[in-house]
Every structure is written in C-alpha cells, then in structure tokens.
Amino acid sequence: CSYSGMFGVLFERMLRPPRTAGSSSDGTEDSDFSADLEHAEAPESAHRRSSTRLTRASLRLSQSSQADIKQGVDRDETPPRTPTGNAPSSESDIEVSSPSNDLLSLKEAAAHDLSHRPKRRRFHESYNFNMKCPTPGCNSLGHLTGRHERHFSISGCPLYHNLSADECKGKATTRDKQTEERTLSHRQDENRHSTRNQAPTDRQLRYKEKVTELRRKRNSGLNKEQKEKYMEHRQSHGTSREPLLENITSDYDLELFRKAQARASEDLEKLRLAGHVSEGSNMIKTIVFGRYELDTWYHSPYPEEYARLGRLYMCEFCLKYMKSQTILRRHLAKCVWKHPPGDEIYRKGNISVFEVDGKKNKIYCQNLCLLAKLFLDHKTLYYDVEPFLFYVMTEADNTGCHLVGYFSKEKNSFLNYNVSCILTMPQYMRQGYGKMLIDFSYLLSKVEEKVGSPERPLSDLGLISYRSYWKEVLLRYLNNFQGKEISIKEISQETAVNPVDIVSTLQSLQMLKYWKGKHLVLKRQDLIDDWKAKETKRGNGKTIDPTALKWTPPKGT
C-alpha cells in the first residue's frame, strides 16, 4: 500500500504542468508538498489522502494502470477492468513485482497514446436523454418489449401498461422461448408433404384443444371486489394509465393482446431509430390522407401521444386522426361520411362548397384547423371555432367528396374581413383552386353587399395568391371599362375588393401616378394583353360561376 501511494503521488506530479506554489487549476490550494512530508511520516494515511487528491486529468490518463496496481496490491485474482467494463489487452497489463517495475510501468502508461485506449461506451447512442416519458411518475426506464433500457413514448411505457421493467423483461424471455419452440415445431412439420388440404397434425390438434379449454375457463363476469378495484384504479389514474385488463377475457386472449402490444411497440421503436418517427420535437412529419402521403411544413398542436409518433393517419371525410394504418382501415369500414357536414351552397360539375358552422360541428372544425396548421405558419385558431363559419371546397368522384381546401370567416367581423384563414391542400396546389377559394369569398361579400378583405397577417403563399387575384380583377375591370374617368370607389363597389388593396395593387403594377395634384390611373395595354393571352390559354375550367351559388347570408352577420 505504501508503494502504491508513493508512486500515485509521483505519477500525478510528473504529469501535472508546473504551477506556482499555493495554487491549483481547480481553485484549491496545492498540497502536494505537504502530502510528501506526511507520506514520509505516515505511509498509510498518505496513501488515502493522495488518492483523493488526484486530478481529473491524471485519473483519465492513469485510470487503467492505477486500477491494475490496486488490483495487484490487493492480490485480487480477477482480471482488471477498463472504464467500459472489458478486460484490458495484454499490451496494457501491468504486473506489480517491485517498486522499480511499478515506476517503469507507470511511465510507459503515461507515454501511451490515448487514441489506443478503449473509449467509454454510451448507454445507447440513439437516445436523447433530454426526453422524458409523458406518463406521470415515470422515469423513462425500461421498455414494454423488455429489450430496451429506456423509452420515451406511451406505447413503450411499462408503467402506463401497469407493469414493471422486470416484468417486461420476464415476459420477453417467455416470448423468446415460445418462439424457439414454435420454430422447432415448424421445422418438424416441414418434413411432411406440403399439400393444400392436409389434415392437422396431432400436435396441432392438442394445441387447439388446449386453447379451447383455456377460453372455456374464462370468468363470466367481474365480482364486486374486482369492480371496485377497477373503479379505484380508473379514478386514481384516469387516462394516464391503461385500464386493468385482468379477468375481462381469458388468460390466453389477454396474453395474445400483450404480445400484439409488445410487437407494435417494437415496430415503433424501429421506426424511431430509423428516423421515421420524430422524438423530442413533437412535430408530425407526414400524414396519410386518403390516397396521398403528405409531408408537413409546420408544427400543429395535436395531442402529445399522437405528435410523438411522427406520422398520422387521417380519414379524409370526417378528418379524424389515428395512430396506425390498422385503426384507419377499421375506421373506414364504419365511417358513413362521404362529404363535409353542413349545407352544400355551391355545385358546378364536380366542384362543391359546403358551409360548416363551427358551433354545430365543433369537432370537425377543430380537426380541420389542426390539419390546416400543418401547412400554415401564421394560423393560431385551433379550438375556439364557434364564432366562425367554414367554407369547405371539395372535388367529387365515385368514392365521395375529397377535401380540396377551405377558408374560414367570422360570423360578425367589425373590420369586414371576408377571410380569416385560407388553405389549399398541397396535392391541389398550383391548379387554380386557391384563386377559386378567394373568388368565392369575394362572391359571398358581393351577395352580402359588403366590401371584403382578408385578415392580416397573410402567409407567404396566401400573399402571393391574393396579389395575383387582385391583379387579375383589376386588369379584367380595366379591359371591360369604356369610360374616361375611373374611380377607386366604383372599382371597390363592383369587385367587393377593399380600396386599400386596390391602391396597393395599382402601385405594384405601376399604374398609379401623381400628376398636377391628382392621382391618375394609367391603363397599361401591354399588361392587359398579357392577361388576355393567359386567360385564353388557361380556359374557363377553374372559375366560380355566380349562378351556381344557392346561399343567403346567415342571420346576425
């Protein structure tokens, strides 16, 4: 012990850079000199004190060699361990036979290149330790599959499923044994002739009888004590825990359900490690919407248990969101919706517009707002949908009316906003549907005999769409205008466009000039000719027909 203590201090001082007396790198007093004096008087106490005064740098450099020396002095027969838990290689083994050998070995260890030393293994390279499981009271340790040390979602939380981490590991071991037995039995069955209508083997018949017997033992119902236990569990934890499932069905069926849960959790874990499932950011990356898979642009405040999945599956008719393809398939088998709720106020060809009241169809409108936030940056309306009307445009085929886009509108707007939020679904962008929605909003303003304007601020795409629409409206008006004097107020009354928007558009087109104390509107024929050429090339496919509108303004607006 005295030798190891002395050489520990010598090795530390040899590696430490020269410093002034009475100071150290970590802000404490330098006591190496006093330690040497104490070492000469009391070797046992000096060894204990010097071992506690080793700096972090010396510990990192001499950790393996110091461990070997300590093991050799204590005469422990077990092989020494490195920081990663592995036995060191033969090149770094240090034998303690004499003080000279100790000093030589320490010098060799100091001169050893750090790049050859084994690196400390991380717990799991793919895990982000800043994340936490959303289950209250959970420390994120363990996994429902029993194969991972940590989890960050409800699907892999043992506590949420009323289990412990050790129980999950035990169930995983049992499942592995059953898988091995099943594989062995399949190999035995492969020796048989593979015919289509082959009779079951004796083993299969015995297993079928066993399953039938297990299901026959199922309890017919819960007794009073079990019901009280279940109610107490539900009142204590609410929706933060899975309901107790024991005695609800047979043990065999419950075990099948547990296996399916573990398998689904393992699949989600693989998707997370592959980068298909977001973690920490709570941002949904993709949505499956009808026959389309859409990449999202912005964060939307979906519930945390859904946002953590990274991918959502949505019904394109009722807009309900689900966690998996299986749940969506079962929902579609039962969903009776084929168009948005509300009144169909416009139809021409396969294009229809439905007026949906946020107060009457609150859940649908909330889901529509959450969906829109995935593609809009400035939208802030999610749940307070009752003061708004939603005008949903659809495209019909033999399967139903598919969502093209929508715009919302306040029932009572003091500033005469005719649009609060407007969205065209990404799969229908750059096809003229955005201008149809804008034109339809101004058509409603004309019926109401009001001048409308969109609510600010506009998104980037919304601003581009509105400027393009205002430009077309003004050029069309000037093309049809035959008089000599024109008024901004008259243009506003005929087109239902706000005068401020008209002036800003004229300025951007360089058609508004100030001359001799008056503002003049220049009729630029070159711009009108370009617009006419584009209109001829585009055709009349994506336009709103005012005669197809069957609508009266709601009362109170």
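On a predicted model such as this, the values are computed, not experimentally measured, just so you know. These numbers come from the heavy atoms of this one structure, side chains and all, not from hydrogens, waters or symmetry mates.
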- Query: So, do D253 and R215 sit near enough that their side-chain heavy atoms are less than 4.5 Å apart?
  - Reply: yes

- Message: Between L141 and R150, does the side-chain contact (heavy atoms from CB on, under 4.5 Å) criterion hold? Intermediate values first, please.
- Response: CA-CA 4 Å; L141 296 178; R150 295 179 70 86; 3.6 Å; yes

- OG-NE2 distance between S265 and H151, expressed to the nearest 0.5 angstrom: 9.0 Å

- Message: Measuring only between side-chain heavy atoms, which start at C-beta, is P454 closer than 4.5 Å to I422?
- Response: no

- In terms of heavy-atom contacts, G358 and C365 come closest through CA-SG, 3.7 Å

- Any side-chain heavy-atom pair from P340 and T394 closer than 4.5 angstrom? yes

- Return yes when atom OH of Y292 has more than 12 non-hydrogen atoms of other residues, nucleotides or ligands closer than 6.0 Å, and no otherwise. yes

- Query: Just by distance, do the side chain of Y321 and the backbone of I287 share a donor-acceptor pair under 3.5 Å?
  - Reply: no

- Message: Taking D343 first and then K550, would you say they form a salt bridge - that is, a charged N and a carboxylate O separated by under 4.0 Å?
- Response: no

- Item | Atom of Y406, atom of L437 and distance for their closest heavy-atom approach | N-CD1, 3.8 Å

- Sequence neighbours left out, what passes salt bridge (charged side-chain N to carboxylate O under 4.0 Å, His left out) with E293? Give chain and number order. R311

- Query: With no hydrogens and no angle check, is any side-chain donor or acceptor of S408 less than 3.5 Å from a backbone partner on F390?
  - Reply: no

- Electrostatic pair K285:D295 at N-O distance under 4.0 angstrom: no

- Give me the ring orientation class for F354 and H339: parallel if the planes are under 30° apart, tilted from 30 to 60°, perpendicular past 60°. parallel

- Task: Mind checking the CG-OG1 spacing from D545 to T543? Nearest 0.5 Å is all I need.
- Result: 7.0 Å

- Task: Begin from the C-alpha positions of F257 and L245 and carry the test side-chain contact (heavy atoms from CB on, under 4.5 Å) through to its verdict.
- Result: CA-CA 10 Å; F257 178 69; L245 303 178; 3.6 Å; yes

- Message: Is it the case that the side chain of T173 and the backbone of K169 share a donor-acceptor pair, with hydrogens and angles ignored and the cut-off at 3.5 Å?
- Response: yes

- Task: Can you measure from NZ (K338) to CD (E316) and round to the nearest 0.5 angstrom?
- Result: 8.5 Å

- Query: What do you reckon, is CG of D251 surrounded by more than 12 foreign heavy atoms closer than 6.0 Å?
  - Reply: no

- Message: One thing to verify: whether E305 and K323 come together as a salt bridge, which I'm taking to mean a side-chain N less than 4.0 angstrom from a carboxylate O.
- Response: yes

- Item | Spatial distance of atom CG (L309) from atom CD (E304) [nearest 0.5 Å] | 11.0 Å

- Taking C-beta and beyond as the side chain, do H161 and L144 meet within less than 4.5 Å on heavy atoms? yes

- Item | Parallel, tilted or perpendicular: rings of Y391 and F407 (30°, 60°) | parallel

- Task: Begin from the C-alpha positions of Y428 and H402 and carry the test ring pair (Phe, Tyr, Trp, His ring centres under 6.0 Å) through to its verdict.
- Result: CA-CA 11 Å; Y428 292 102; H402 306 279; 8.2 Å; no

- Is NZ or CZ of K542 both nearer than 6.0 Å to the six-membered ring centre of Y433 and within 45° of the ring axis? yes

- Query: Looking only at heavy atoms, what is the nearest atom pair of T296 and F375, with distance?
  - Reply: CA-CE2, 4.1 Å

- Message: Can you list everything that forms a side chain to side chain contact (heavy atoms under 4.5 Å, CB included) with N162? Sequence neighbours excluded, please.
- Response: H233, R241, E242, L244

- Query: To the nearest 0.5 Å, what is the distance between OG1 (T212) and OH (Y252)?
  - Reply: 9.5 Å

- Which atom pair, heavy atoms only, marks the closest approach of G142 to P158? C-CG, 4.0 Å

- Item | Evaluation steps, side chain to side chain donor-acceptor pair (under 3.5 Å), between S164 and D166 | CA-CA 5 Å; S164 64; D166 295 335; 5.3 Å; no

- Message: Test your reading of the model: is there a side-chain donor-acceptor pair from Q235 to the backbone of E232, 3.5 Å cut-off?
- Response: no

- Got more than 12 heavy atoms from elsewhere within 6.0 Å of NZ, K435? yes

- Query: Any donor and acceptor pair, going by atom type alone, linking the side chain of H143 with main-chain N or O of E149 inside 3.5 Å?
  - Reply: no

- Task: Check L328 against Y313 and note the closest heavy-atom contact, atom names and distance.
- Result: CD2-CB, 3.9 Å

- Over all heavy atoms of both residues, which pair between N367 and Y302 is shortest? Give the atoms and the distance, please. O-OH, 4.4 Å

- Is the backbone of M429 close enough, under 3.5 Å, to the side chain of T424 for a donor and an acceptor to pair up by distance? no

- Message: To the closest 0.5 Å, what do you measure between OG (S300) and CG (L312)?
- Response: 9.0 Å

- Message: Within the 4.5 Å heavy-atom criterion, are L332 and C315 side-chain neighbours or not?
- Response: yes

- Message: Using a 3.5 Å distance criterion without hydrogens, assess whether the side chain of Q431 forms a donor-acceptor pair with backbone atoms of Q427.
- Response: yes

- Residue pair L403 / V392, side-chain heavy-atom distance below 4.5 Å: yes

- Item | Side chain to side chain, K348 and I544, heavy atoms closer than 4.5 Å | no

- Before giving the answer on side-chain contact (heavy atoms from CB on, under 4.5 Å), spell out for L423 and L376 the whole-Å C-alpha distance, their side-chain angles and the decisive distance to 0.1 Å. CA-CA 8 Å; L423 169 73; L376 295 176; 4.2 Å; yes

- Message: For H237 and R234: C-alpha separation, side-chain torsions, deciding distance, then whether side-chain contact (heavy atoms from CB on, under 4.5 Å) applies.
- Response: CA-CA 5 Å; H237 304 288; R234 184 173 182 180; over 6 Å; no

Anything under 3.5 Å between a donor and an acceptor, one on a side chain of residues 175-182, the other on a protein residue two or more places apart or in another chain? List them.
| unit_1 | atom_1 | unit_2 | atom_2 | d |
| --- | --- | --- | --- | --- |
| R175 | NH2 | T145 | O | 3.2 |
| D176 | OD1 | R147 | NH2 | 2.6 |
| Q178 | OE1 | K259 | NZ | 2.6 |
| T179 | OG1 | R175 | O | 2.8 |

- Flag the pair F388 / D357 as yes when at least one side-chain heavy-atom distance between them is below 4.5 Å, and no otherwise. no

